[in-house]
Amino acid sequence: MRKKLYRLDRAGLSSLFDVLKQEGYLVYGPTLCDHAIQWLPLSSLDDLPAGWTTSTAPATYRLLRDSAGSLFHYWTGPDSLKKVLHPARACITHAERDNGSFRIWNETPQPVKRAFFGTRACDLAAVTALDRVLLQDRFEDDIYKANRAAAFFVAVHCTSSAPTCFCASTGTGPQARSCFDIALHERSPQEYLAEPGSASGSAALEKLAAPLAPPEWAKELAESCTHAAAAQQRRIDLNTAPVVISLNFDHPRWDHVAKRCLSCGNCTSVCPTCFCVNFEDHTSLDLQQAERLRLWDSCFSQNFTYIHGGSIRLSPKSRYRHWLSHKLARWQEQFGTSGCVGCGRCIAWCPAGIDITEEIAALQTTTHAAAMTGVSNHGN
Amino acid sequence: MSLILETPAAAGRPAMQPVAARVASIIKETHDTFTLTIEPPEGDPVAYFQPGQFSMLYDFGVGELPISISGDPERREHLTYTIRSVGQVTYQLVTRKPGESIAIRGPFGSSWPMKEARGKSVLIIAGGIGLAPLRPAIYHVLRHRGDYNRLVVLYGGRSPRDLLYRKEFAAWGMLPDTQALCTVDYGGVSWRGYVGVVTTLLRHVRMQPTETIAMLCGPEIMMRYATRELESRGLPPSQIYLSMERNMKCAVGFCGHCQMGPYFVCKDGPVFPYTKMKPYMDLYEL
């Protein structure tokens with residue numbers, strides 16, 4: 001049976017927001033904050049950045065006015081769902097002195113019902129990638145599990161692409177295909193196509209008593225997304241990347257990029273899949289209480305690989321190489337998925353404008369096709 | 001028959017939940033290295049681990065570290081750790097008094113191939129504190145002596161005063177079908193033993209390479225040369241196992257710090273067959 005597709009006007013969209021509120025969701029959405037579009041709780045859909053768009057390029061992110069007044073005519077900002085689902089700072093362990101000894105416990109994270117209104121295909125792919133790492137491996141991350149279990153995703157399909165987007169080549173966009181509860185297509189600021197992606201998404205849409213959408217809208221949506229994919233200026237060849245990376249550990253391109261890389265870690269903090277963390281211990285002044293905090297970490301810091309005797313990756317070159325290799329090659333070996341979802345954030349937010357698509361392409365163009373077919377990869 | 005228990009996955013506790021455990025004893029091994037025994041953590045009836053595994057040890061307010069278990073896997077009343085005091089957490093751990101508490105998570109990680117080694121000779125090569133994670137394997141061989149052929153323990157330390165478990169080591173050397181040799185980088189005037197890197201001891205070893213399983217732990221540079229030397233003596237890479245060290249914060253694959261090529265040393269290792277590590281051992285700053 002074909003899925004029911006609904007037609008929502010602007011009031012219908014607001015009703016959807018209200019339904020989510022009534023069901024107890026804290027609704028997050030893109031909002032204007034600190035000269036960027038960032039994910040924050042919404043009090044109503046009026047908080048969405050209507051009439052704003054963004055312009056991105058290597059080392060560039062700008063807000064611009066958008067005369068059409070669209071609610072969703074912009075692309076990824078500096079933050080992603082990672083900010084909420086895998087928070088940058090969380091207290092995981094408490095300890096308290098007790099008669100010469102101490103008690104120690106972890107708080108069980110409580111699920112908070114959160115809806116994310118306006119997630120893009122690439123960010124949903126990033127959630128799927130994080131699910132694989134933090135829930136579907138040998139161990140489960142408690143905090144992520146609680147946040148993820150109660151999450152509701154209202155996706156928005158991208159019918160145009162930013163210059164930094166390359167989701168078409170990573171197979172993660174521009175049309176949202178999975179992981180959403182409801183997917184929206186903004187046909188105009190007044191007219192939306194809504195598609196349920198889960199039982200709870202269907203139930204929410206049923207409550208709106210919205211009219212069904214004409215069947216040709218789905219076809220138009222697919223065409224718009226195909227058009228957006230074709231318009232993308234950047235691409236990555238994920239199929240050959242693992243082999244190319246394993247063949248080029250000593251490629252001079254790594255020195256070239258190291259001259260520009262500041263090791264600042266911006267790419268890792270804006271990346272929606274970078275999951276690495278560090279831990280920090282704090283004690284109260286009377287030394288009776290101790291806390292252990294979990295914080296986002298970056299493989300670009302020198303301490304990241306420190307063991308007795310020194311750091312493994314001392315040079316910025318080796319740290320960039322590790323990051324790119326992990327995203328495009330190792331991740332596939334470790335988790336069977338890609339660590340890169342083509343969102344382009346690392347390109348826009350790199351202060352030096354380093355472009356991951358350009359770096360991998362530089363390795364690819366100097367690697368002979370014969371070598372790539374002759375070698376599977378290092379590990380095998 | 002092996003009596004090693006299959007380790008229950010941290011006894012069903014959440015992976016990141018440390019549990020308080022009481023310090024039973026602390027022995028000074030060398031000027032900077034101590035052996036700490038702790039009672040099984042609260043809620044665990046006995047201590048269990050497999051040779052080569054590690055725990056995360058936490059002390060109040062200073063932090064948490066991965067430490068290999070160095071005791072006998074079949075003595076279930078205690079967990080034993082040999083710790084070199086080199087930083088804030090290790091210093092605080094080795095200055096605990098019996099009766100005080102620390103907290104632990106684990107055991108984590110892969111173990112030495114005790115099953116695969118049955119019927120074969122076992123060659124142990126340790127450098128420095130690397131003897132600690134190998135001691136459970138030695139205990140296992142000694143307890144199940146009939147399951148294994150020769151036992152050879154080669155151990156290299158910086159100087160005589162850095163050598164661990166000296167009495168025990170000397171006793172191993174007196175056992176039948178067992179060789180235990182040690183060497184130091186710097187002997188001093190009173191040292192009558194071998195001087196030189198640990199690989200130089202291999203020429204004193206009588207073994208049949210194809211019937212031997214080698215287990216290595218020590219500085220990476222030592223393991224790199226030892227693997228080469230073993231290969232040149234006809235030991236197939238598939239019969240060599242290494243215990244790797246990387247920065248580890250979580251032990252369960254979440255923190256990302258311990259990645260080495262496609263592996264997470266915490267959950268895929270720390271013990272790896274050399275066949276898996278070989279492509280990555282020589283890559284500088286991997």
Side-chain angles (χ1 to χ4, degrees), chain A residues 92-93 95 97-98 100-106 108 133-134 137-142 144 246 249-250 274-283 287 289-292 294 297 299 303-309 311-315 317-319 321-322 325-326 329-330 332-334 377-379, chain B residues 9-10 13-20 22-23 42 58-64 84 86-90 97 99-105 108 129 219-220 245-264 266-268 276 278-280 282-286:
Chain A
I92 63 158
T93 306
R97 288 262 183 229
D98 181 17
S101 172
F102 62 87
R103 297 192 306 119
I104 187 162
W105 70 96
N106 284 6
T108 308
V133 176
L134 299 174
D137 210 70
R138 267 164 273 178
F139 301 92
E140 283 181 343
D141 182 294
D142 287 0
Y144 185 81
S246 66
F249 187 78
D250 293 315
C274 271
F275 58 83
C276 290
V277 289
N278 199 1
F279 297 88
E280 224 174 70
D281 293 87
H282 293 236
T283 44
L287 297 178
Q289 314 278 335
E291 280 183 346
R292 199 160 163 71
R294 190 188 77 181
D297 201 4
C299 54
N303 287 341
F304 192 81
T305 53
Y306 182 84
I307 52 175
H308 181 63
S311 292
I312 304 287
R313 290 188 281 277
L314 272 175
S315 66
K317 165 187 163 178
S318 67
R319 287 176 244 153
R321 181 174 58 202
H322 168 76
S325 304
H326 189 220
R330 304 303 184 207
Q332 296 184 40
E333 297 168 56
Q334 292 165 350
N377 66 45
H378 250 302
Chain B
R13 281 188 290 268
M16 293 302 288
Q17 171 69 65
V19 185
R22 198 175 289 276
V23 174
E42 286 166 17
Y58 166 89
D59 205 352
F60 189 87
V62 288
E64 197 182 45
R84 199 157 129 222
V86 286
Q88 203 180 9
V89 185
T90 49
K97 304 260 179 310
E100 292 181 336
S101 286
I102 61 167
I104 77 169
R105 291 193 288 129
F108 295 112
I129 192 80
E220 215 163 301
E245 184 188 12
R246 282 295 179 271
N247 183 310
M248 255 180 227
K249 297 289 184 186
C250 75
V252 290
F254 293 158
C255 80
H257 287 238
C258 71
Q259 286 177 77
M260 186 173 179
Y263 304 115
F264 288 83
C266 67
K267 60 175 186 171
D268 300 320
K276 282 190 174 179
K278 200 176 171 176
Y280 306 104
D282 289 333
L283 299 181
Y284 178 63
E285 290 194 312
L286 173 68

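Proteins come first, then strands; the chains are lettered A, B, ... in the order of their sequence lines, and each starts at number 1.
- When heavy atoms are compared at a cutoff of 4.5 Å, B:Arg22 does not approach chain A at all.
- With chain A as partner, the option from B:Glu220, B:Glu64, B:Gln259, B:Arg246 having the largest number of non-hydrogen pairs under 4.5 angstrom is B:Gln259.
- For A:Gln332, no part lies near chain B; criterion is any non-hydrogen pair under 4.5 Å.
- With salt bridges taken as basic N to acidic carboxylate O contacts below 4.0 Å, none links B:Lys249 and A:Glu280.
- Relative ring orientation between A:His326 and A:Phe275 is described as perpendicular, the plane-to-plane angle rising above 60° on a 0-90° scale split at 30° and 60°.
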B:Glu245/A:His308 under side-chain hydrogen bond (donor to acceptor under 3.5 Å, both in side chains): CA gap, chis, key distance, verdict: CA-CA 10 Å; B:Glu245 184 188 12; A:His308 181 63; over 6 Å; no
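- In this structure, the side chains of B:Tyr280 and B:Tyr263 come closer than 4.5 Å at one or more pairs of heavy atoms.
- For a residue to count as touching a neighbouring chain, one of its non-hydrogen atoms must lie under 4.5 Å from one of that chain's; by this rule B:Ile102 touches chain A with the backbone only.
- Interface remark: of the candidates A:Val277, A:Thr93, A:Leu134, A:Val277 forms the most heavy-atom pairs closer than 4.5 Å to chain B.
- For A:Asp141, the parts lying near chain B are the backbone and the side chain together; criterion is any non-hydrogen pair under 4.5 Å.
- Of the listed residues (A:Arg319, A:Lys317, A:His322, A:Glu291), the one with the most heavy-atom contacts under 4.5 Å to chain B is A:His322.
- For a residue to count as touching a neighbouring chain, one of its non-hydrogen atoms must lie under 4.5 Å from one of that chain's; by this rule B:Val252 touches chain A with backbone and side chain alike.
- Across B:Leu286, B:Val62, B:Val19, the residue that shares the most heavy-atom pairs under 4.5 angstrom with chain A is B:Leu286.
- Within the 4.5 Å cutoff, side-chain heavy atoms of A:Phe279 are placed close to those of B:Cys250.
- Neither the backbone nor the side chain of A:Arg103 comes within contact range of chain B, judged by heavy atoms closer than 4.5 Å.
- In terms of heavy-atom pairs under 4.5 Å with chain B, the best-connected choice from A:Trp105, A:Tyr306, A:Phe304 is A:Phe304.
- If you measure heavy-atom distances from A:Arg138 to chain B, the contacts under 4.5 Å come from the side chain alone.
- A cation-pi contact, defined as under 6.0 Å to the ring centre and within 45° of the axis, is absent between B:Arg105 and B:Tyr58.
- Smallest separation of non-hydrogen atoms from B:Ala15 and B:Phe108: O-CZ, 3.9 Å.
- Here the closest heavy-atom approach between residue B:Cys258 and residue B:Met248 is recorded as CB-CG, 3.8 Å.
- With chain A as the partner, the residue from B:Gly261, B:Cys255, B:Gly61, B:Ser101 showing the most heavy-atom pairs under 4.5 Å is B:Cys255.
- When each of A:Asn303, A:Asp297, A:Val133 is scored by its heavy-atom pairs under 4.5 Å with chain B, the top score falls to A:Asp297.
- Nearest heavy atoms, A:Ile312 versus A:Thr305: N-OG1, 3.1 Å.
- In terms of non-hydrogen atom pairs under 4.5 Å with chain B, the most contact-rich of A:Ile92, A:Leu314, A:Asp250 is A:Leu314.
- Of the two parts of A:Ser315, the backbone and the side chain both hold a non-hydrogen atom closer than 4.5 Å to a non-hydrogen atom of chain B.
- Within the 4.5 Å cutoff, no side-chain heavy atoms of A:Arg294 are placed close to those of B:Met16.
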